[in-house]
Number of protein chains: 2
Amino acid sequence: MPGRTLRAPSPRDGETEQRILDAARRVFLRDGTAGTRMQEIAREAGVNQALLHYYFRSKERLSTAVFQQIAGRIFPTIAQVLTGPSSLDDKIDRLVATYLDTLAANPFIPAYIISELHHHPDRIQHALTGVMGSDPRPVMRSVLQQLGKQIDERVRAGKMRDITPQEFVINLLSLCVFPFAAKPMFEIILGMDDAAFKRFIRQRKKELPEFFRNALKP
Amino acid sequence: MPGRTLRAPSPRDGETEQRILDAARRVFLRDGTAGTRMQEIAREAGVNQALLHYYFRSKERLSTAVFQQIAGRIFPTIAQVLTGPSSLDDKIDRLVATYLDTLAANPFIPAYIISELHHHPDRIQHALTGVMGSDPRPVMRSVLQQLGKQIDERVRAGKMRDITPQEFVINLLSLCVFPFAAKPMFEIILGMDDAAFKRFIRQRKKELPEFFRNALKP
DNA sequence: GTCTATATGTTGATAGAC
DNA sequence: GTCTATCAACATATAGAC
């Protein structure tokens, strides 16, 4: 085991720290940053509350680490899919598939991130910088520029109506993410139960790309 | 002044209570339910903290009153617009116009409601019942049924592709509401500042109805 | 590294004077 | 109705034993 030094009572290296981080992610996602209690994370992790501070020093740092982890998994996906060499149609398909799958598996993420965004607007900046290793804004600018070029080609070929790359992204993300963010509302005003919502999402994976493409037809 | 009894030191009837409620709405919208401090509401209202309890008994009741007030202004709009006698096209226009105007004036509402929905899923039910005077679910069922009929007509006339009334509502609301919910994110990943976002919304009021209608063309 | 015990600061809520 | 003063409960964080 390279890089491993002899130490006393730990079962496996970094295991406890990871257990705490996992528990923290579950609790922060469920209860929100302000609503989360350190004691609840300790309980969920099966350890003592003092251990949380031993590893993460403060609630502030722990919640930052959790947000960084979650944002680091979600946001790069957008950039990766939109940057790749595939066709515009293919990018739509893949963005829809990826997002609906991810969010179906983690339905609390949208509400959590939206809430975080409003109360700690600076955290995205930090999180993205941490994930990408540098200022994310020029990267995103280049992503949008590439996307814009691809859109322009199709527009000039008469196959698509004109739309800014910004609107393209906003509309596509809105249609993917909002149903999860507003799930409890739709369950009431549209009379869906949990099973109906699952069916709705499964159906949506097939239909949404076509709906979106159709919206962009000339 | 009918119904008014003689009382001592109050400037005007209900004025203080209203001031507190207004302050509470601003603070709850800004800081979220869990993040709000009663002291902060008192400060914002220019009164003492004890007065909040005198009028509303507890933070729980005050936050419920605020949510009820906000939900009571937002949700009935959907039902009203979708139920009216106007054409489907007209309903799309009006829903987009109403929502974008309302949310542009109150950009914190989406994130607040989404957060509330997840941490107090029962409150919508209560709020809507309070607003409409009875169980909102049969009302919404009837709204959807009417909308479905209107959609069916256009589908049979070959002017529109088939879509369930539920998807119709979800897609339209997603495109209207999500940009506000995720505004801080878009400002970073799309390089928008506040002014650019305002322009984007003004533009969207013109373009979104057409985008949505186009998506539904056969 | 992990625990128990405790210090320190907030926060919602009440008592009681005016 | 409105205020000041204060309580009791809770939450974050630290000290120190093992």
Side-chain angles (χ1 to χ4, degrees), chain A residues 1 3-67 115-116 119-120 123, chain B residues 1 3-28 30-67 116 119-120 123:
Chain A
M1 273 191 176
R4 175 119 189 238
T5 46
L6 293 175
R7 259 188 279 139
S10 174
R12 250 172 288 140
D13 267 71
E15 201 239 13
T16 302
E17 186 171 356
Q18 192 57 48
R19 273 241 309 280
I20 291 175
L21 198 60
D22 288 344
R25 194 185 56 246
R26 285 195 296 276
V27 177
F28 276 119
L29 276 172
R30 200 186 56 213
D31 299 343
T33 303
T36 288
R37 303 290 161 245
M38 294 294 270
Q39 170 53 31
E40 176 65 13
I41 297 175
R43 209 187 53 77
E44 180 93 11
V47 300
N48 188 278
Q49 190 180 337
L51 219 52
L52 272 54
H53 289 91
Y54 174 81
Y55 281 106
F56 293 95
R57 256 190 86 82
S58 70
K59 179 185 174 182
E60 165 75 20
R61 282 169 185 257
L62 181 51
S63 70
T64 301
V66 165
F67 180 75
S115 176
E116 270 313 281
H119 302 125
H120 309 276
R123 277 192 179 170
Chain B
M1 275 189 173
R4 176 119 187 243
T5 47
L6 294 174
R7 259 189 277 139
S10 174
R12 251 171 290 138
D13 267 71
E15 201 238 15
T16 303
E17 185 171 353
Q18 192 58 49
R19 274 239 309 279
I20 291 175
L21 199 59
D22 288 344
R25 194 186 54 246
R26 286 194 296 276
V27 178
F28 276 120
R30 197 186 59 213
D31 299 343
T33 304
T36 288
R37 303 289 160 248
M38 294 294 271
Q39 171 54 32
E40 175 66 13
I41 296 175
R43 211 188 51 77
E44 180 92 11
V47 299
N48 187 277
Q49 189 181 340
L51 219 52
L52 272 54
H53 289 93
Y54 174 80
Y55 280 106
F56 294 94
R57 259 187 79 85
S58 70
K59 179 185 175 184
E60 164 75 19
R61 281 168 186 257
L62 182 50
S63 70
T64 302
V66 166
F67 180 75
E116 271 309 286
H119 302 124
H120 308 276
R123 276 192 180 169

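By convention in this document, chain letters (A, B, ...) are assigned in the order of the sequence lines, proteins followed by strands, and residues within each chain are numbered from 1.
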Please encode protein proximity along nucleotides 13-18 of chain C as a string of B, S and -, counting only heavy-atom distances under 4.0 Å. BBB---
Which donor-acceptor pairs under 3.5 Å do side chains of residues 21-30 of chain A form with protein atoms, sequence neighbours excluded?
{"unit_1": "Asp22(A)", "atom_1": "OD1", "unit_2": "Gln18(A)", "atom_2": "NE2", "d": "3.1"}
{"unit_1": "Asp22(A)", "atom_1": "OD1", "unit_2": "Arg25(A)", "atom_2": "NH1", "d": "3.3"}
{"unit_1": "Arg25(A)", "atom_1": "NH1", "unit_2": "Gln69(A)", "atom_2": "OE1", "d": "3.2"}
{"unit_1": "Arg26(A)", "atom_1": "NE", "unit_2": "Glu44(A)", "atom_2": "OE2", "d": "2.8"}
{"unit_1": "Arg30(A)", "atom_1": "NH2", "unit_2": "Glu40(A)", "atom_2": "OE2", "d": "3.0"}

[X] versus [Y]: any side-chain heavy-atom pair under 4.5 Å?
{"X": "Thr33(A)", "Y": "His119(A)", "result": "no"}
{"X": "Arg37(A)", "Y": "Lys59(A)", "result": "yes"}
{"X": "Ser63(B)", "Y": "Glu116(B)", "result": "no"}

How far does CD1 of Ile20(A) sit from CG of Leu62(A), to the nearest 0.5 angstrom?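 Ile20(A) CD1 to Leu62(A) CG: 8.0 Å, rounded to 0.5 Å.
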What's the spacing between Met38(A) CE and Leu51(A) CG if we round to 0.5 Å?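 It comes to 10.5 Å.
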Where Arg61(A) and Phe56(A) come nearest, the two heavy atoms and their spacing: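 Of all heavy-atom pairs spanning Arg61(A) and Phe56(A), the closest is CB-O, 3.2 Å.
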Please name the pair of heavy atoms, one in Ala42(B) and one in Asn48(B), separated by the smallest distance, quoted to 0.1 Å.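 Answer, listing the atom of Ala42(B) first, then Asn48(B): CB-C, 3.9 Å.
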Under 4.0 Å, heavy atoms only, any strand: does Tyr55(A) hit a base, just the sugar-phosphate, or nothing?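 Contact class for Tyr55(A): sugar-phosphate only.
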Take the protein atom [atom1] of [X] and the nucleotide atom [atom2] of [N], then report the distance between them rounded to whole Å.
{"X": "Glu17(A)", "N": "dT2(C)", "atom1": "CD", "atom2": "P", "answer": "10 Å"}
{"X": "Gln39(A)", "N": "dA13(D)", "atom1": "CD", "atom2": "P", "answer": "14 Å"}
{"X": "Tyr54(A)", "N": "dG1(C)", "atom1": "OH", "atom2": "P", "answer": "5 Å"}
{"X": "Phe56(A)", "N": "dT12(D)", "atom1": "CZ", "atom2": "C1'", "answer": "16 Å"}
{"X": "Leu51(B)", "N": "dA5(D)", "atom1": "CG", "atom2": "C1'", "answer": "16 Å"}
{"X": "Arg61(A)", "N": "dT12(D)", "atom1": "CZ", "atom2": "C1'", "answer": "15 Å"}

Name every residue in residues 26-34 of chain A that has at least one heavy atom under 4.0 Å from any atom of DNA chain C, in order of residue number, or write none if there are no such residues.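 Close to the strand, none.
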Between dG1(D), dT11(C), dC3(C), which nucleotide has the shortest distance from any of its atoms to the side chain of Arg37(B)?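 From the listed options, dT11(C) comes nearest.
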